[in-house]
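Below is one structure, written out as structure tokens, with a few remarks after it.
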Amino acid sequence: MKQPEIIVLTLTNGDTALYVNKDAVLTLEADEEGKDPAVVGHYVAKALDVPYQKLWMETPEDPEWSWDDAYSLIPSRARPA
């Protein structure tokens with residue numbers, strides 16, 4: 001069985017997403033209140049006993065971007081947070 005992929009991505013605009021196996025399962029916009037995806041990601045990774053990545057990336061230029069778009073840019077644009 002493939003090991004789960006846990007990624008927390010924070011954009012320069014302050015928006016953050018928790019990805020589990022390529023799916024953005026928890027997102028938080030910079031001006032929202034709620035559970036911090038980075039904290040949740042830490043605990044999910046700990047519970048599954050798998051590593052996770054905390055990444056930072058420029059906000060996509062397209063004003064209509066989606067979290068799927070952001071995920072597709074990770075290999076070429078994201079850096080460790």
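These numbers come from the heavy atoms of this one structure, side chains and all, not from hydrogens, waters or symmetry mates.
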Can you name the nearest heavy-atom pair linking [X] to [Y], along with the distance?
{"X": "P4", "Y": "V50", "answer": "CD-CG1, 3.9 Å"}
{"X": "A38", "Y": "K54", "answer": "CB-CE, 4.4 Å"}
{"X": "D49", "Y": "Q3", "answer": "O-NE2, 4.4 Å"}
{"X": "E29", "Y": "E32", "answer": "N-OE1, 2.8 Å"}
{"X": "N13", "Y": "A30", "answer": "O-CB, 3.2 Å"}
{"X": "K22", "Y": "E5", "answer": "N-OE1, 3.7 Å"}

Side chains of [X] and [Y]: does their closest heavy-atom pair fall under 4.5 Å?
{"X": "P60", "Y": "L11", "result": "yes"}
{"X": "L9", "Y": "D15", "result": "no"}
{"X": "Y52", "Y": "V8", "result": "yes"}

Transitively linked via ILVMFWY side-chain contacts under 4.5 Å: L73 with I7?
->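 Shared cluster, yes.
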Look at the side-chain heavy atoms of Ile, Leu, Val, Met, Phe, Trp and Tyr, link any pair under 4.5 Å apart, and say whether V20 and L48 land in one connected group.
-> yes
Judged by modelled atom types alone, do S72 and D69 share a side-chain donor-acceptor pair under 3.5 Å?
-> no
T16 (side chain) donor-acceptor with L28 (main chain) under 3.5 angstrom |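 No: the side chain of T16 does not pair with the backbone of L28.
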Looking only at atom types and distance, does a side-chain atom of D23 sit under 3.5 Å from a main-chain N or O of V25, one as donor and one as acceptor?
-> no
Aromatic ring pairing Y19/W67, orientation class (parallel under 30°, perpendicular over 60°, tilted between) =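 Correct class here is perpendicular.
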Is D62 atom CG crowded by more than 12 heavy atoms from other residues, nucleotides or ligands, each under 6.0 Å away?
-> yes
Matching residue for P37 among L18, V44, T27 - test: side-chain contact (heavy atoms from CB on, under 4.5 Å) =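 Of the listed options, the one satisfying the test is L18.
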Non-neighbouring partners of W56 that pass ring pair (Phe, Tyr, Trp, His ring centres under 6.0 Å), sequence neighbours left out | none
